[in-house]
Number of protein chains: 2
Amino acid sequence: VIKIKDLTKVYNGSQVPVHAVNGISLEIKQGEFAAVVGPSGSGKTTFLNMLGGLDDPTSGSIEIDNQLLSNLTSSQRIKFRLENIGFIFQAYNLIPVLTAKENVEFIMELQKVSKAERNKRSLELLEAVGIPDKANVRPNQLSGGQQQRVAVARALASKPKFILADEPTANLDSKSTETLLDIMERLNKEENITFIFSTHDARVVNKAHRIITIEDGLIKSDESRI
Amino acid sequence: VIKIKDLTKVYNGSQVPVHAVNGISLEIKQGEFAAVVGPSGSGKTTFLNMLGGLDDPTSGSIEIDNQLLSNLTSSQRIKFRLENIGFIFQAYNLIPVLTAKENVEFIMELQKVSKAERNKRSLELLEAVGIPDKANVRPNQLSGGQQQRVAVARALASKPKFILADEPTANLDSKSTETLLDIMERLNKEENITFIFSTHDARVVNKAHRIITIEDGLIKSDESRI
Ligand SMILES: Nc1ncnc2c1ncn2[C@@H]1O[C@H](COP(=O)(O)OP(=O)(O)OP(=O)(O)O)[C@@H](O)[C@H]1O
Ligand SMILES: Nc1ncnc2c1ncn2[C@@H]1O[C@H](COP(=O)(O)OP(=O)(O)OP(=O)(O)O)[C@@H](O)[C@H]1O
Ligand SMILES: [Mg+2]
Ligand SMILES: [Mg+2]
């Protein structure tokens, strides 16, 4: 379970301080399928980055399975992320010199998954997201939506406990979106992986079991269905 | 008017040749508001890049207002683009070292628009797309949707004859999308600017007067309403 208390993030750039996240408290249990929605600039990416340990809060705490993230040293945090969290970035962040297949296998390699198993899982996932023919192609030769699907496959391949997905369907057509959501729903049911999406996509929101609405860095509403 | 005849683009990368655009012929008149839709990987970006003179066809021709793009030298093409075409990139392509306002003014500066006029237009547009407070902020301090809006403002600011928009609402919430579409519709009506969108967004498709569907680099259907 993820416990978030009084979480804030203030950016002190060159301008007026920006209260990107302004005091969020909530609990997310294992196996949840939740969507974080809100206007552009409302704090979704900042919130997800802190949850994933990619960014430090200004104040407040995040506890994942009784582990307070702030108690981890920097190398312990990297290990913790590698073992528990899969991240799909809003800007994909694929490694340009690696092919699609190598990008998908990258994290599994760090996790010391066997070569045979890495090969099997990456090919299965590239097939599942509809781009098996792009396995040996580099990101700059892929369309926007193809790059997005490689980023998704990469996060799913390592079968982490939690998957944080920042607008994973932004550049996808309806059919690809539906395919992606089916894969994620299945992983959620069969492996009890927790999914937390940030999204503007109505089709993703419709599949979510819980909808957390953020505005100006604060939770405006938090509704569960089913 | 834009006349496209037997347009193809074949990528001969390291793999099997990819027929990204496989023979497209069509005509787009001044003042049209058209959406190009189709699955991820179907050729929309490749098609728009060729229309905008950013990429060379493998075969076929593009004629814009009686100017055959292939007859232009490389520097003539840059000049032609600067004077006629505004482009909103799928990956935004903002200049990292410039602020939002500087990014928006950049093209106007190349067009020798006066300093006073550049200032007025950039501030008006940043206001219109909802991020006036981010004028002096660099792209890496903006959210995904805020970067997208800067990219939109930049293309609109130079008031070109044709605007090619590659998935301009992918990272935007409903309200920002609606605002953007209103601005574009108004420019289309008042200034007779031609808009050609590539999009997966149903809200954009609903506003389009013409819907061109692409699949595997070919036109599958081309329907006008009104
Ligand atoms: N530089 C390149 N080298 C090789 N293949 C390429 C290159 N650029 C694009 N492609 C391929 O051409 C096809 C069409 O790509 P394009 O980017 O035009 O698709 P798209 O319709 O814009 O997709 P999306 O909706 O995902 O943005 C894809 O299969 C893509 O992998
Ligand atoms: N490094 C930074 N420095 C300063 N301000 C920042 C930085 N990163 C983000 N911001 C600001 O924090 C606020 C929240 O940004 P965030 O990226 O979390 O929004 P978002 O909800 O993900 O938006 P979108 O839907 O457009 O992706 C925005 O106003 C943004 O400009
Ligand atoms: Mg974001
Ligand atoms: Mg594209």
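Computation of the quantities below employed the complete heavy-atom set of this structure, encompassing side-chain atoms and omitting hydrogens, waters and symmetry-equivalent molecules. Chain letters run A, B, ... following the sequence lines, proteins first and then strands; every chain starts at 1.
- The number of heavy-atom neighbours closer than 6.0 Å to CG of B/Asn93, taken from other residues, nucleotides and ligands shown, is above 12.
- Comparing A/Ala170, A/Ser143, A/Gly145 by how many heavy-atom pairs each has under 4.5 Å with chain B, the most go to A/Ala170.
- In the displayed structure, A/Tyr11 atom OH is contacted under 6.0 Å by more than 12 heavy atoms of other residues, nucleotides or ligands.
- In plain terms, the two heavy atoms of B/Asp173 and A/Ser40 that are nearest each other are OD1-N, 2.7 Å.
- Of the listed residues (B/Pro39, B/Ala202, B/Gly43), the one with the most heavy-atom contacts under 4.5 Å to chain A is B/Pro39.
- Of the atoms belonging to B/Gln146, heavy atoms from both backbone and side chain fall under 4.5 Å from chain A.
- Rounding to the nearest 0.5 Å places CD of B/Gln90 at 8.0 Å from CD of A/Gln147.
- Looking at A/Arg138, there are no atoms closer than 4.5 Å to chain B (heavy atoms on both sides), in backbone or side chain.
- Neither the backbone nor the side chain of A/Lys44 comes within contact range of chain B; no heavy atom of the residue lies under 4.5 Å from a heavy atom of that chain.
- Taken to the nearest 0.5 Å, the NE2 atom of B/His200 stands 8.0 Å off from the OG1 atom of A/Thr177.
- Of the residues considered (B/Leu142, B/Asn171, B/Thr45, B/Val18), B/Asn171 shows the highest number of contacts with chain A, using heavy-atom pairs under 4.5 Å.
- Of all the listed residues (A/Ala20, A/Ser174, A/Gly144, A/Ser176), the one sharing the greatest number of non-hydrogen pairs under 4.5 Å with chain B is A/Gly144.
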